[in-house]
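Please read the structure below before turning to the comments.
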Amino acid sequence: KAGVTQTPRYLIKTRGQQVTLSCSPISGHRSVSWYQQTPGQGLQFLFEYFSETQRNKGNFPGRFSGRQFSNSRSEMNVSTLELGDSALYLCASSLVRGYNEQFFGPGTRLTVL
Amino acid sequence: GESVGLHLPTLSVQEGDNSIINCAYSNSASDYFIWYKQESGKGPQFIIDIRSNMDKRQGQRVTVLLNKTVKHLSLQIAATQPGDSAVYFCAETSGGGADGLTFGKGTHLIIQP
């Protein structure tokens, strides 16, 4: 069974640009959550999607948005990139809502120059 | 591998010894706690969880202890092996697991041969 896949794995952007990251959950999983990981702030929850609806949102500005498609694949978008957005963005999926059966992908490393 | 924290606390233990990793949380409303393991270059991996109506839970070679009075969580790993070398994070949430996760800063566990 394939794990959570994230594309691209590495990305370099410049300030002011926007970026879209993609996450394909494990087959059959309907819940997808996104996290940001930086050396300074550690791991931080971004948002959770279930059945194409955002169920939870972390404390991030409106520049961070996401969506989930009917096949449970999810995308997150960051507009007007800032240097501080450089981070590892992790996606995790689970069959139903909840964290105890959540599987993480390898992440997308975003570098903002 | 990925750098997950420049100033992570580090715990160095001898192979075969027991490891104890500690975590303090601040939200008295938190009612669900998780420990994750993150190996270099990979996403976090669920280890064990505990609900606030329990003070101890055991898994395979791991035990989580919860002290709600002092808002303290610990992870004990028995007979530490080289494969246990990783960064360990605690995470908390409230609302029975329905809210977003808040993560601790992480502890880097190093296994000495």
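In the text below, chain A, chain B and the rest are named by the order of the sequence lines, each starting its count at 1.
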Worksheet item: Is there a donor-acceptor contact under 3.5 Å from the side chain of B/K105 to the main chain of A/G40?
Response: yes
Worksheet item: Taking only residues two or more places apart in sequence or in another chain, which ones pass side-chain hydrogen bond (donor to acceptor under 3.5 Å, both in side chains) with A/S86?
Response: none
Discussion item. Taking atom CZ as the centre, does A/R63 end up with more than 12 heavy-atom neighbours from other residues, nucleotides or ligands that are less than 6.0 angstrom away?
Written reply: yes
Worksheet item: With sequence neighbours left out, which residue pairs that include part of residues 61-96 of chain A fulfil the ring pair (Phe, Tyr, Trp, His ring centres under 6.0 Å) condition?
Response: A/F60-A/F64
Practice prompt. Looking only at non-hydrogen atoms, find the nearest pair between A/L90 and B/P44 and report the distance.
Written response: CD1-CD, 3.7 Å
Worksheet entry | Shortest non-hydrogen contact from A/Q102 toward B/F46 | O-CB, 4.4 Å
Worksheet item: Side chain, backbone, both or neither: which part of B/I34 has a heavy atom under 4.5 Å from chain A?
Response: side chain
Discussion item. Quick check on A/L43 against chain B: is it the side chain, the backbone, both or neither that has a heavy atom closer than 4.5 Å?
Written reply: both
Practice prompt. Considering only heavy atoms and a distance below 4.5 Å, find which of A/F103, A/F104, A/F47 pairs most often with chain B.
Written response: A/F104
Worksheet entry | Minimum heavy-atom distance between A/Q44 and B/F103, given as atom pair plus value | N-CD1, 4.4 Å
Fill in: Candidate pair B/L101 and A/Y35, rule side chain to side chain contact (heavy atoms under 4.5 Å, CB included), full reasoning
CA-CA 9 Å; B/L101 286 174; A/Y35 302 85; 3.7 Å; yes
Worksheet entry | Over 12 foreign heavy atoms within 6.0 Å of CG, A/N59 | no
Discussion item. Between A/L81 and A/L11, is there shared hydrophobic-cluster membership here, with clusters defined by ILVMFWY side-chain heavy atoms closer than 4.5 Å?
Written reply: yes
Worksheet item: Are A/L21 and A/L83 in one and the same hydrophobic cluster, where Ile, Leu, Val, Met, Phe, Trp and Tyr link if side-chain heavy atoms are under 4.5 Å apart?
Response: yes
